[in-house]
Amino acid sequence: MGYIFRLPFYLIGIFVWIPLGILISLLNILTLPIFGIVMLVLPSVFPNKAKDILSFGTLRRGVNNLNAFIRG
């Protein structure tokens, strides 16, 4: 029963999050050289940032949050 009530919000979230997540991820990929230099200078400020950028971490985490929401 909970799925029926949460499904419209899940679908709205997917339609909003996928384009937004792709835009943020592409912006992260474009700024990767800057973060690469900063990671060499200050590694404690951006731990695992390159791995997160290359694996589309923002998009993946957003969709995982929406899937956790629909499961309850």
Side-chain angles (χ1 to χ4, degrees):
M1 190 69 177
Y3 288 114
I4 294 171
F5 293 115
R6 286 190 295 258
L7 187 61
F9 297 105
Y10 175 79
L11 294 175
I12 291 170
I14 286 290
F15 284 122
V16 169
W17 185 251
I18 287 181
L20 186 65
I22 288 173
L23 181 67
I24 291 169
S25 297
L26 290 176
L27 189 66
N28 282 341
I29 287 173
L30 292 175
T31 60
L32 182 62
I34 296 168
F35 280 112
I37 293 169
V38 173
M39 282 187 308
L40 291 174
V41 177
L42 301 167
S44 62
V45 176
F46 297 102
N48 300 324
K49 185 68 175 172
K51 178 184 172 194
D52 197 40
I53 290 171
L54 292 174
S55 64
F56 289 92
T58 304
L59 180 62
R60 186 184 69 246
R61 280 194 308 272
V63 172
N64 284 345
N65 287 340
L66 287 171
N67 288 339
F69 169 75
I70 194 70
R71 282 185 297 238

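Reckoned from all heavy atoms, side chains included, excluding hydrogens, waters and symmetry mates. Just so you know, these numbers come straight off a predicted model, no measurement behind them. Residue numbers count from 1 along this sequence.
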* Leu26 with Leu20, same ILVMFWY side-chain cluster at under 4.5 Å -> yes
* To do: With rounding to the nearest 0.5 Å, note down the distance linking CD1 in Ile24 to CH2 in Trp17.
  => 5.0 Å
* Structure fact -> For Leu7, the side-chain contact (heavy atoms from CB on, under 4.5 Å) test, sequence neighbours excluded, returns Tyr10, Leu11, Ile70
